[in-house]
Number of protein chains: 4
Amino acid sequence: MIRVDASSFIPIYEQIKKEIVRLVATGQLKVHDPLPSIRDLAAEIIVNPNTVARAYRELEQDGLLSTQKGRGSFIADGAAPEASSKLKAYLGRIMDEAIAEAKTFDLGGDAILGLFEDRLRRSADRRRGGRHE
Amino acid sequence: MIRVDASSFIPIYEQIKKEIVRLVATGQLKVHDPLPSIRDLAAEIIVNPNTVARAYRELEQDGLLSTQKGRGSFIADGAAPEASSKLKAYLGRIMDEAIAEAKTFDLGGDAILGLFEDRLRRSADRRRGGRHE
Amino acid sequence: MIRVDASSFIPIYEQIKKEIVRLVATGQLKVHDPLPSIRDLAAEIIVNPNTVARAYRELEQDGLLSTQKGRGSFIADGAAPEASSKLKAYLGRIMDEAIAEAKTFDLGGDAILGLFEDRLRRSADRRRGGRHE
Amino acid sequence: MIRVDASSFIPIYEQIKKEIVRLVATGQLKVHDPLPSIRDLAAEIIVNPNTVARAYRELEQDGLLSTQKGRGSFIADGAAPEASSKLKAYLGRIMDEAIAEAKTFDLGGDAILGLFEDRLRRSADRRRGGRHE
DNA sequence: GTGGTCTAGACCACC
DNA sequence: GTGGTCTAGACCACA
């Protein structure tokens, strides 16, 4: 459920944080649900436990999860709306980024929208097993 | 013309590279045009000359510019199509990212497109001095 | 195993690259073998770590080694044939240089070959503790 | 008559020096012959006059040429044997370099000689307009 | 401990 | 003035 891209410039602990926020926001993790243990998650995504630990620690500081010694980590009370707003903000931000980037191309609004529609259609095609570009 | 964000996770030298690719792709820099000297650009964007030098060096390895010792760096022959395709690939990538992110919300294609249109309109509004969100 | 000459016109990072290519081509470094850490090699050959880092980075761009943050650098898959051909090209180039130089003496092919054989014999003699020229 | 390789790591003024030594050693330039003026040579090999000036200056320090203000530079008395021995030493050095390089390949003497013969034959073929490898 | 980025500043070759 | 190399040393992400 959690995916991470080692070649990205974004630190892995940041990617892990975002993934967990996403799972909470989309209801795949609910309040009081246990998170995978640091060691398990580290093994699953082939990453050092320290890296997972840092992600968990920072999420706890954000109030999104609570860690109980010896028992593990759990989604905190009230995490869902918090995560939801975070994720929405994140989505808005990267859409704005795509838009800003497109504008530096000297593309007009229609052209940008057309390009986006095109990528959207392609991604739907890929899902249905359509050919890659 | 070249802007970098020191707080970004993306290394500054990568940002510089991308900016130059953008300027070439959009025709603001043409074949044989001189680039700002390493020292000048470094001073302008308040960055160490070595950082700019690294960006220039890697762009030269990519064949986008050619540098002559003691004279400066210049946009290489055939840089424009190369830059154009690089920038298109880059733009496609971040649009795909936005789309992938949007899909985690279980939104249909139309809803995603609507959201994007919304952001696009907002960004146009902001430009015209409309209210910030 | 890696030697560099600080007084040479060839940049140190290029010398390091060539040495590693040589070690791979001669089988002294095999696929997936770890390279010395940047700091260790820098200390060994008495050079700044940044200089070694540059050599490693460029070799990685050439696909000859792969580095994993926090773990170190390793000989990449398929590095051996690549290194071999690189080294052969390099050797051919310096032999051609020697030949071109010899030809400026208006020597015939046989004379040039004789001269080369002579130096070759001398170098073997030196190895066996023979007199220096 | 003088050729220079801008992409070489060897400084251009060193290459110019070597070329002149070669011309003297091979008798293409004789004692008291005038050298091309700094500006002419610079224009011919497309190089900055300062670079040529430095080569001439260092050759003068070596006693190979003498410069007379307003008249130009001339091959100095006794330059020929000096140049000859320099060039021979140089040839020996690069042959030794080729040999040393070949030995790091773990090649035996016969193999090295074979390789050299091969390159020699190729170079003769090229001269006669034979096909390139 | 590892590598990666960045800074500050030196010296050199070349224009 | 230009770019190129190298050093010294800082801070960060990651194992």
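Just so we're on the same page: letters track the sequence lines, and every chain starts at 1.
- The side chain of Arg54(D) places an N or O atom within less than 4.0 Å of a non-bridging phosphate oxygen (OP1 or OP2) of dA13(E).
- Taking atom CD1 of Ile12(B) as the reference point, atom P of dG4(E) lies 17 Å away to the nearest angstrom.
- Following rounding to the nearest Å, Glu60(B) (CD) and dG3(F) (C1') show an atom-to-atom distance of 10 Å.
- Between Thr67(B) and dG3(F) there is no side-chain polar atom (N or O) within less than 4.0 angstrom of OP1 or OP2.
- Mapping Arg71(B) and Gly72(C) onto DNA chain E by nearest heavy atom places Gly72(C) closer to the 5' end of the strand.
- When each of Pro49(A) and Pro49(C) is assigned the nucleotide of DNA chain F bearing its nearest heavy atom, the one mapping closer to the 5' terminus is Pro49(C).
- If you check every strand for non-hydrogen atoms under 4.0 Å, Arg39(C) touches a base.
- Judged by closest nucleotide on DNA chain E, Ile46(B) is the one of Pro11(D) and Ile46(B) placed further toward the 5' end.
- With rounding to the nearest 0.5 angstrom, the CD1 atom of Ile75(A) is 8.5 Å from the CG atom of Leu59(A).
- OP1 or OP2 of dA13(F) has at least one side-chain nitrogen or oxygen of Tyr13(A) nearer than 4.0 Å.
- In this model, the phosphate group of dT7(F) is approached by a side-chain N or O of Thr51(C) to a distance below 4.0 Å at OP1 or OP2.
- Atom pair Asn50(B):CG and dG4(F):P shows a separation of 11 Å (rounding to whole Å applied).
- A straight line from CZ of Phe9(D) to C1' of dG3(F) spans 14 Å, rounded to a whole angstrom.
- Of all heavy-atom pairs between Ile94(D) and Ala98(C), the closest is CD1-CA, 3.4 Å.
- For the pair Ile38(B) CD1 and dT7(E) C1', the interatomic distance rounds to 15 Å; values are reported in whole Å.
- Side-chain contact of Thr67(D) with Ser73(D): a donor-acceptor pair under 3.5 Å is present, judged by distance alone.
- Separating the CG atom of Asn48(C) from the P atom of dG4(F) is a distance of 19 Å, rounded to the nearest angstrom.
- Across all strands shown, dC14(E) pairs with dG1(F); the Watson-Crick or G-U wobble distances both stay below 3.5 Å.
- Summarising the geometry, the separation between CG on Leu41(C) and C1' on dG1(E) is reported as 17 Å, rounded to the nearest angstrom.
- Regarding Glu58(B), its CD atom lies at a distance of 13 Å from the P atom of dG4(F), rounded to whole Å.
- In this structure, Leu64(D) and Ala83(D) approach most closely via the heavy-atom pair CD2-CB, 3.7 Å.
- Side-chain N or O atoms of Gln15(C) include none that pairs as donor or acceptor with a backbone N or O of Arg3(C) at under 3.5 Å.
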